[in-house]
Amino acid sequence: KKITNQRLAADLGSDSKWSLRANLSYLGGAIDSPFSKLRPDYRAATQDPAESSFSGSIGAAYRVNKTSQIRLTTGFIWYTPLYTSWDEIANNSRINFENKEVRTLELTGVAISYVYGNRFGNWMISPSFGYSYTVNQNALSLNGNMASASLGLTAMYNMEGSGLQPGFSLMVDQFFYTSPDKTFMFEGEPRPRAERDLWVVPVLEYQFNDKVAWRIIYAHQYRNTRTMEPNSYRLLPVYISTGIGITPVKKIWIYPNVQFIPEDARAERTNFGISAILNVF
C-alpha cells in the first residue's frame with residue numbers, strides 16, 4: 001500500500017530484490033558558520049567543541065517481500081572532510097584540534113538489520129531491528145563498547161486533504177561491552193558506561209508536494225548507565241531538529257537541517273547538518 005511520506009518511503013528502501021543503500025550524514029558547525037572545522041556540542045553544559053565529520057553506513061539490501069527488507073552494512077566516519085589534505089587521506093593520519101595525531105577516516109562497525117513497512121488506513125507503520133558489531137579499535141580501547149542492538153518503531157499519519165503528517169519514532173538502544181565494569185577511564189577520570197538509551201521523538205511534517213517537505217522533531221533521550229538502578233533513567237537535554245526534506249527522485253531523501261536545544265537557541269549553540277538516504281537499483 002502506498003507510503004506517501006517521502007522520508008519513510010526512502011527509509012524503507014528500494015523495491016528491487018537486491019539494491020545498494022547508504023545513510024549519510026554531515027555534521028558541521030553552528031548555523032552562522034555551517035561549514036567550519038569545529039562544531040559546538042550544543043547539548044553539553046561545557047560547550048566543548050567537536051570536529052566536523054562526514055559519517056554513515058553503506059551496504060547491500062535484500063527485499064524479502066513487498067513489506068520487508070534485510071540489510072548488511074558497514075559504518076564509517078571521516079573527520080573534518082572539508083579540511084583534510086590528500087596526504088592526510090592517503091596516510092589516514094592528521095593532527096586534530098587538540099594537537100593529537102589521530103586517524104582521518106575510520107570504520108565504525110558492521111551491522112545487520114531488518115525493516116518492515118506498511119500502511120494501515122491512514123497510518124504508515126515501520127518497525128525495525130538492528131545489531132551492530134564494533135570494528136573501531138579506538139572506540140573499543142576507549143570504553144570497551146563492542147556491540148549494540150536497537151529496536152525501533154516509526155509511525156506517520158496521513159491527514160487526508162492536507163499536507164500535514166504528524167507522527168512519532170520510538171527506539172531502544174542496548175549497549176554491550178568487553179567487560180562488566182560499570183565505568184571506564186577518560187582523561188584520568190572514571191565515566192559511567194551507558195547501558196541503554198530510550199528515544200521518544202514526536203515528528204511533524206508538512207508535504208508541500210512529492211519533492212519538498214518541511215520537518216521538525218522534538219527528541220527526548222533517556223539514558224540508563226551501569227552506575228544507576230536497572231530501571232531508572234535520566235533525561236538528557238531535549239533538542240529540536242528542523243529542516244527541509246528534498247526528494248529529487250523516488251527513494252532518495254536529502255535533509256539539510258539545524259539542531260538546537262529550545263531553552264538556549266542562540267546561533268552559536270546550534271549545529272548545522274545534512275543527512276541523506278540513498279537507494280540505488
Side-chain angles (χ1 to χ4, degrees), residues 5 7-8 11-12 23 25 27 41-46 50 55-57 71 73 75 77 108-109 111-117 123-134 136 139 142-157 165-184 186 190-205 215-243 255 257-264 271 273 275 277:
N5 182 273
R7 184 191 183 282
L8 186 57
D11 196 49
L12 293 175
N23 276 55
S25 179
L27 292 178
D41 189 350
Y42 66 102
R43 297 178 71 194
T46 60
S55 62
S57 63
R71 300 161 182 169
T73 58
I77 184 166
T108 55
I112 186 169
S113 58
Y114 167 84
V115 62
Y116 170 91
W123 280 103
M124 296 166 282
I125 307 293
S126 176
S128 61
F129 172 78
Y131 181 85
S132 177
Y133 183 78
T134 303
N136 186 320
L142 175 64
N143 63 8
N145 183 200
M146 67 176 183
S148 64
S150 63
L151 180 65
L153 173 66
T154 297
M156 299 297 295
Y157 186 80
Q165 291 189 347
F168 62 86
S169 289
L170 307 174
M171 183 172 287
V172 180
D173 292 323
Q174 179 69 48
F175 305 104
F176 305 98
Y177 297 90
T178 54
S179 81
D181 295 343
K182 293 183 178 181
T183 61
F184 67 98
F186 182 75
R191 301 287 180 91
R193 281 178 165 152
E195 181 74 10
R196 188 179 306 107
D197 281 352
L198 305 179
W199 292 84
V200 180
V201 185
V203 180
L204 179 64
E205 289 191 23
R215 173 181 172 88
I216 185 170
I217 70 169
Y218 191 46
H220 299 70
Q221 181 185 6
Y222 300 86
R223 172 162 292 176
N224 171 264
T225 68
R226 288 189 167 183
T227 57
M228 301 168 63
E229 293 296 322
N231 294 318
S232 62
Y233 294 84
R234 65 182 179 93
L235 176 63
L236 302 185
V238 176
Y239 72 91
I240 290 175
S241 175
T242 186
Y255 180 55
N257 61 90
V258 60
Q259 305 105 44
F260 58 92
I261 52 175
E263 62 268 23
D264 191 5
N271 272 183
S275 60
I277 304 172

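Computation of the quantities below employed the complete heavy-atom set of this structure, encompassing side-chain atoms and omitting hydrogens, waters and symmetry-equivalent molecules.
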Please work out whether the ring planes of Tyr218 and His220 are parallel, tilted or perpendicular, with thresholds of 30° and 60°. perpendicular
Between Tyr255 (side chain only) and Gly243 (backbone N and O only), is there a donor and an acceptor less than 3.5 Å apart? yes
Please answer whether the main-chain N or O of Glu229 pairs with a side-chain N or O of Asn224 as donor and acceptor at a distance below 3.5 Å. yes
Answer yes or no: are there more than 12 heavy-atom neighbours, outside Tyr114 itself, under 6.0 Å from its atom OH? yes
Do Glu205 side-chain atoms and Ile216 backbone N/O form a donor-acceptor pair below 3.5 Å? no
Looking at every non-hydrogen atom in both residues, tell me the closest pair between Pro237 and Ile261 and how far apart they are. CB-CG2, 4.3 Å
Carefully, step by step, assess Gln174 and Glu195 under the rule side-chain contact (heavy atoms from CB on, under 4.5 Å). CA-CA 6 Å; Gln174 179 69 48; Glu195 181 74 10; 3.3 Å; yes
With sequence neighbours left out, the residues meeting side chain to side chain donor-acceptor pair (under 3.5 Å) with Tyr116 are Asn118
Is Leu142 close to Phe184 at the side-chain level, that is, under 4.5 Å between some pair of heavy atoms? yes
Heavy atoms only: give me the nearest Met156-Gly167 pair and the separation to one decimal. SD-CA, 3.8 Å
Give a yes or no answer on whether the side chain of Arg196 reaches the backbone of Val172 with a donor-acceptor pair at less than 3.5 Å. no
Which residue is it: Thr225, Leu198, Asp197? I am looking for the one with a side-chain contact (heavy atoms from CB on, under 4.5 Å) to Tyr233. Leu198
Does any non-hydrogen side-chain atom of Ser126 lie less than 4.5 Å from one of Leu8? yes
Looking only at heavy atoms, the pair that brings Thr183 and Pro192 closest together is CG2-CA, 4.1 Å
Should the pair Phe176 and Tyr131 be assigned to parallel (<30°), tilted (30 to 60°) or perpendicular (>60°) ring geometry? tilted
Contacts of type side chain to side chain contact (heavy atoms under 4.5 Å, CB included), residue Val258, not counting sequence neighbours: Ile31, Thr242, Thr270
Does any pair with a residue in residues 144-156 pass side chain to side chain donor-acceptor pair (under 3.5 Å), and if so which ones, sequence neighbours excluded? Thr154-Ser169
Heavy atoms of Met228 and Arg234 approach each other most closely as CE-N, 3.8 Å
Heavy-atom pair of closest approach, residues Val238 and Ala219: CG1-O, 3.3 Å
Pairwise side-chain contact, Val203 with Phe168, heavy-atom cut-off 4.5 Å (strictly under): no
Shortest non-hydrogen pair, Thr134 vs Ala147, comes out as OG1-N, 3.8 Å
Flag, side chain of Arg193 to backbone of Asn143, donor-acceptor distance under 3.5 Å: yes
Which of Val201, Asn257, Ile240 passes side-chain contact (heavy atoms from CB on, under 4.5 Å) with Ile217? It is Val201
